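Because the structure is a prediction, the values reported are computed rather than measured. What you see below is based on every heavy atom in this structure, not just the backbone, and it leaves out hydrogens, waters and symmetry mates.
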Amino acid sequence: MNKVAKICLGIAGAIMLIFFAVQTCIVFRWCEPSYFLAEFGYGCVIAFMPPFFYVVYDFMRTTRLKEANIDLQLAAIDKSNLVVMMDMDGYILEANPKFCNIMKYKE
């Protein structure tokens, strides 16, 4: 998570903390429900969305980058090593081209 995403997460958390504090005050009747508090709650929900969506976007972007990195590493391993997938009885199900070339098998 980058620095901007952490800041957005903090902002979104603070907005929700304020929202839930006001809603708790209304539920326990520490303050009277009013149209202003209803608008305030609506404003909190609307203000929460952009920073939260940025955090979700950053998480998805980071996850895709990590997946791409893992795929590249697996492709490098597949090209540099002999890779064979076998069933429980020892029969070859799948093999990479390097294994097939060395063992004189066809893919």
Side-chain angles (χ1 to χ4, degrees):
M1 184 181 296
N2 66 24
K3 189 175 186 178
V4 174
K6 289 179 183 178
I7 292 170
C8 285
L9 186 60
I11 291 169
I15 291 169
M16 282 295 100
L17 180 68
I18 292 168
F19 172 78
F20 286 122
V22 169
Q23 295 303 311
T24 301
C25 290
I26 293 171
V27 167
F28 288 114
R29 300 192 186 275
W30 295 333
C31 60
E32 290 295 319
S34 66
Y35 186 72
F36 171 77
L37 290 179
E39 284 184 333
F40 178 78
Y42 179 73
C44 284
V45 171
I46 297 299
F48 166 80
M49 289 181 187
F52 179 73
F53 287 149
Y54 182 81
V55 171
V56 171
Y57 161 77
D58 184 64
F59 174 77
M60 291 173 56
R61 182 184 59 81
T62 304
T63 302
R64 274 192 227 119
L65 288 173
K66 287 179 181 178
E67 284 179 7
N69 188 22
I70 289 170
D71 289 342
L72 288 173
Q73 289 175 355
L74 289 174
I77 289 170
D78 190 43
K79 288 180 182 177
S80 66
N81 294 328
L82 303 177
V83 180
V84 180
M85 292 177 58
M86 297 181 171
D87 64 4
M88 295 300 287
D89 296 323
Y91 293 105
I92 296 173
L93 300 175
E94 189 178 328
N96 70 341
K98 190 165 188 173
F99 177 84
C100 292
N101 290 339
I102 290 175
M103 300 305 287
K104 308 290 191 247
Y105 285 145
K106 293 183 182 177
E107 283 189 64

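- With a 4.5 Å cut-off on side-chain heavy atoms, M1 and D58 count as touching.
- Connection of Y91 to M85 is not established within any shared hydrophobic cluster, with ILVMFWY side chains joined at heavy-atom distances below 4.5 Å, either directly or through further cluster members.
- Residues T63 and F59 have side chains in contact (heavy-atom distance under 4.5 Å, counting atoms from C-beta outward).
- Residues F36 and Y42 do not share a hydrophobic cluster, defined by chaining ILVMFWY side chains whose heavy atoms lie under 4.5 Å apart.
- Between L9 and P51, every side-chain heavy-atom pair lies at or beyond the 4.5 Å cut-off.
- Inter-residue side-chain proximity for I18 and M16 is flagged as unmet; no heavy-atom pair is nearer than 4.5 Å.
- A pairwise comparison of heavy atoms in P33 and I26 identifies CB-CG2, 4.1 Å as the closest pair.
- For the atom pair M86 CE and I92 CD1, the distance stands at 4.5 Å (nearest 0.5 Å).
- Separation of atoms SG (C100) and CD (E94) is listed at 9.5 Å; rounding is to 0.5 Å.
- Across all non-hydrogen atoms, the minimal contact from A5 to V55 is O-CG2, 3.4 Å.
- A distance of 11.0 Å separates OG of S34 from CZ of F40, quoted to the nearest 0.5 Å.
- In terms of modelled atom types and a separation under 3.5 Å, the side chain of D87 and the main chain of D89 share a donor-acceptor contact.
- When the side chains of ILVMFWY residues are joined at heavy-atom separations under 4.5 Å, either directly or via intervening members, M60 and F53 end up in a single hydrophobic cluster.
- The aromatic rings of Y54 and Y57 lie tilted to each other, with the angle between the two planes from 30° to 60°.
- Scanning both residues, C44 and I15, for their nearest heavy atoms gives O-CG2, 3.2 Å.
- Proximity of N81 to F99: side-chain heavy atoms (C-beta onward) are nowhere separated by under 4.5 Å.
- At most 12 non-hydrogen atoms from other residues, nucleotides or ligands lie less than 6.0 angstrom from CD of E32.
- Looking only at distances, a side-chain donor or acceptor of N2 sits under 3.5 Å from a matching main-chain atom of V4.
- Under a hydrophobic-cluster definition in which Ile, Leu, Val, Met, Phe, Trp and Tyr are linked whenever side-chain heavy atoms come within less than 4.5 Å, directly or via other members, F52 and M49 are assigned to the same cluster.
- Without hydrogens or angle criteria, N96 side chain to L82 main chain gives no donor-acceptor distance under 3.5 Å.
- Note: I11 CD1 to F48 CZ = 12.0 Å, rounded to the nearest 0.5 Å.
- Rounding to the nearest 0.5 Å places CG of L17 at 9.5 Å from OG1 of T24.
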